[in-house]
Structures are given as structure tokens and as C-alpha cells.
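The structure appears right after this line, and notes come after that.
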Amino acid sequence: MKLESHFNLDYTLSCGQVFRWGKANGWWYGIVDGSILKVRQEGDELHFSAYPEDVEDEFIKSYFRLDDDLTNILRIINKDATINKAIQQFNGLRIVRQSVWDCLISYVCATNASIAIIESMLRNLSEMFGDEIVVNGKAFFSFPKVKKLAKASVNKIKLCNVGYRARFLSEIAKQVENNPNLLEELRNSDYLKLRDELRSLPGVGPKVADCVSLFAFDKLEAFPIDVWIRRVIYQIKGAAIPRTKDGTEKPLTVSEYTELSSFARRHYGKFAGYAQEYLFYYIRSKDR
DNA sequence: CATCGACCTTG
DNA sequence: AAGGTCGAT
């Protein structure tokens, strides 16, 4: 497929927004909605195939948000020296359009865990509760379906090394099982309403709700704040992070979250979520 | 509202 | 410590 506007597959899949992609022999392999996707970029050509069934160009365009006017978005969010550097360095990074269920479960797992651990948890859940898909003799496992997870006991879910998150996953799965439209009917809500509705789910606080709003509900103004983004924001504001007496960073409170998050929306505008992704990748690659 | 500890597991 | 959230005070 010929790319009509600028895009960088490596940045897009490496920046930390998705957990089920890996690169091998120059190809990216990902598990998306029960399909195994194999993707490679060569300049303005995007090569891809899918198993067990092929996918249309439209699916790929939608998944990688190739219809977003990235040039315009980057121009709008380019409001300070830090984001400017991030944009220079990672130009072409796009937000991936994830499916709601996978995204929600993934980010509930992501709380208080490192990326390596998150990937391991999602792999374990898929191997235990997903469907096996064999491609070229290699086994992949699709993401667990709602019903499968709803039927599973908390103890069995815990076998996936998800720890205390098991009861959240179980409870969320049961709620969605009892009300299959629960998540999709939120699509009509505006961002603030959606965020509050998501927050009513167990294990979903402001950060997870913002991630799901941004990655799965097209709310590009959502600006998820984690420990990394918090550090950049204070840097951009020219202020110091609140610290305890022993010098460590104070935990982020809900009111501080709200304040920083609305600052970011005022500062970057309606595409603040894009700014968040660029800043997140930038600060993490800089500080390691 | 603000503060605090607990929470599973692993690198 | 790691891309937080919950419940109690």
C-alpha cells in the first residue's frame, strides 16, 4: 500500500502505546482483533499481510490512523521547545486505534507495572484464555474474549501473574458480559462524560480512563498522565515536581492529575493526546 | 479534599 | 521500582 502522508511504523509501534507487537527479521508482527498482522515499511510503501484472513487497506488505514492530518496536528501541538524536539525526533509517530475491550483490559493490567511485566501479563492471559492461531508453524494467541474471562475464576486469572488486577479483570468482564453494549454505547458521549463513565469501572482511575479514551474512543484531547509525563509537564511549566521531605516524588493525587491534564489541554489544544505520545516516547528514550 | 498504606509480581 | 487504584482515616 502506498502511503499518502508521512508515517513512521517503528516509532508508532515502539513508543509504548501497544503491547502486543514485536519485530523479527525486519517485520513487525502483531495480534489485532483475532488476526495476526505482519507489517513492514519501506519508505512510502507499507507492506502487510494478515492471518488467518487477509485484511483490506481500509483496516490498516484505520488502525494506524493514516487518515489523521498529521502535518496539521503537529503544527497545532508544537507549542514549546520540548515538544518541538520530540516532534523533530519522532516525526511520523501516529496514535494506534485500538479496540475498546483489548485496550481497557491492557491498561488495567498496566497499572503499577513495567512494560516488560505488562507484556508478560497480556501474553499469559492470551495463552490461557485466547484462541490459538498458527502461522507458519508458529503459535500466536488472540486476546481473551469477554465471555471467556467472565466465566473464569479470579484464582485462575491470577495464574497469569496479573496479581491483584485479577479481581478487576474478572469484575469488568462480568459487567460487560451482563451488558454487552456497556462499552460501545459510551462512544456517543463526549470526552469528559466518557472518562467519568469509564472511571466507574473497577481498576479504572483517571490514567487508565484517559488511555482508553485516547486509544480506543478517538478522544484525541485526552492527555493521560503517568510518572513520566508528569515530569515533562513540570519541566515545560518550569516548575518543580512536588517532593516529600526525603526528596522522592510525591504520589500524584487526583486533583493534581486533573489540574495537569487540563493544563495540557489548554496548552496543546484538541490534539493534546498526540502531544502526550510524542512527549512520552521522547522523555523515556532520553532518560535511559 | 489530602494523606497513607496495601496491593501482586518480576526484573 | 514499575505507564496506579482503592479504601480508610
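Note that the structure is a prediction, hence the values are computed from the model and not measured. Naming: A, B, ... by sequence-line order, numbering from 1 per chain. Side chains included, hydrogens not; waters and symmetry mates left out as well; all remaining heavy atoms used.
- Look at OH on A:Tyr164: it is 9 Å from P on C:dT5, rounded to the nearest Å.
- Atom CZ in A:Arg284 sits about 9 Å away from atom P in C:dA2, given to the nearest Å.
- With respect to A:Arg231 and A:Glu249, a salt bridge is recorded, a charged nitrogen being found less than 4.0 Å from a carboxylate O.
- Among the atoms of the strands shown, only primed sugar atoms or phosphate atoms (P, OP1, OP2) are found under 4.0 Å from some heavy atom of A:Ala110.
- Annotation: A:Lys147, atom NZ; neighbour count of heavy atoms from other residues, nucleotides and ligands within 6.0 Å does not exceed 12.
- Salt-bridge check for A:Glu58 with A:Lys61: passed, with a basic side-chain N closer than 4.0 Å to an acidic carboxylate O.
- In this structure, A:Arg195 places its CZ atom 18 Å from P of C:dG4, rounding to the nearest Å.
- Classification of A:Asp10 and A:Lys23 as a salt-bridged pair holds, one side-chain N sitting under 4.0 Å from a carboxylate O.
- For the pair A:Lys207 NZ and C:dA2 P, the computed distance is 13 Å after rounding to whole Å.
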List the steps, then state whether side-chain hydrogen bond (donor to acceptor under 3.5 Å, both in side chains) holds for A:Arg165 with A:Ser170. CA-CA 9 Å; A:Arg165 301 164 194 81; A:Ser170 171; over 6 Å; no
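- With respect to A:Arg94 and A:Asp68, no salt bridge is recorded, no charged nitrogen being found less than 4.0 Å from a carboxylate O.
- Atom CD of A:Glu132 sits in a crowded spot, with more than 12 heavy atoms from other residues, nucleotides or ligands closer than 6.0 Å.
- The residue A:Val108 sits apart from the nucleic acid: no heavy atom pair falls under 4.0 Å.
- Atom CH2 in A:Trp228 sits about 16 Å away from atom C1' in C:dG4, given to the nearest Å.
- At the heavy-atom level, A:Pro206 lies under 4.0 Å from the strands shown only through sugar-phosphate atoms.
- You won't find any donor-acceptor pair under 3.5 Å spanning the side chain of A:Tyr107 and the base of C:dG4, going by distance alone.
- On the P atoms, B:dC8 is 15 Å away from C:dA8, given to the nearest whole Å.
- The one candidate from A:Trp21, A:Tyr51, A:Trp28 that meets the side-chain contact (heavy atoms from CB on, under 4.5 Å) condition with A:Leu37 is A:Trp21.
- Taking a pair as Watson-Crick or G-U with both hydrogen-bonding distances under 3.5 Å, the stems of three or more pairs touching DNA chain B are B:2-7 with C:4-9.
- Atom CG of A:Asp226 and atom P of C:dG4 are 6 Å apart (whole Å).
- No side-chain N or O of A:Tyr107 forms a donor-acceptor pair with one of A:Asp102 less than 3.5 Å apart.
- Using a cut-off of 4.0 Å between Lys/Arg side-chain N and Asp/Glu carboxylate O, A:Asp190 and A:Lys219 are scored as not salt-bridged.
- A:Ile225 comes within 4.0 angstrom of nothing in the nucleic acid, heavy atoms only.
- When distances are taken from the side chain of A:Ile117 to each of C:dG4, C:dA2, C:dC6, the shortest belongs to C:dA2.
- Base contact: A:Gln276 has a heavy atom under 4.0 Å from a base atom.
- We find that CD1 of A:Ile118 is positioned 18 Å from P of C:dA1, with the value rounded to whole Å.
- Between A:Ile229 atom CD1 and C:dG4 atom P there is a gap of 12 Å when expressed in whole angstrom units.
- Backbone-only contact: A:Leu201 has heavy atoms under 4.0 Å from sugar-phosphate atoms and none from a base.
- Heavy-atom contacts of chain A under 4.0 Å fall on DNA chain B between two terminal nucleotides, which in 5' to 3' order are B:dA2 to B:dT10.
- Among the protein residues, A:Val254 comes within range of no part of the nucleic acid, since none of its heavy atoms lies under 4.0 Å from any strand.
- Within the nucleic acid shown, A:Asn112 comes within 4.0 Å of at least one base atom, counting heavy atoms only.
- Between A:Arg167 and A:Gln17, the residue whose closest nucleotide on DNA chain C is further toward the 5' end is A:Gln17.
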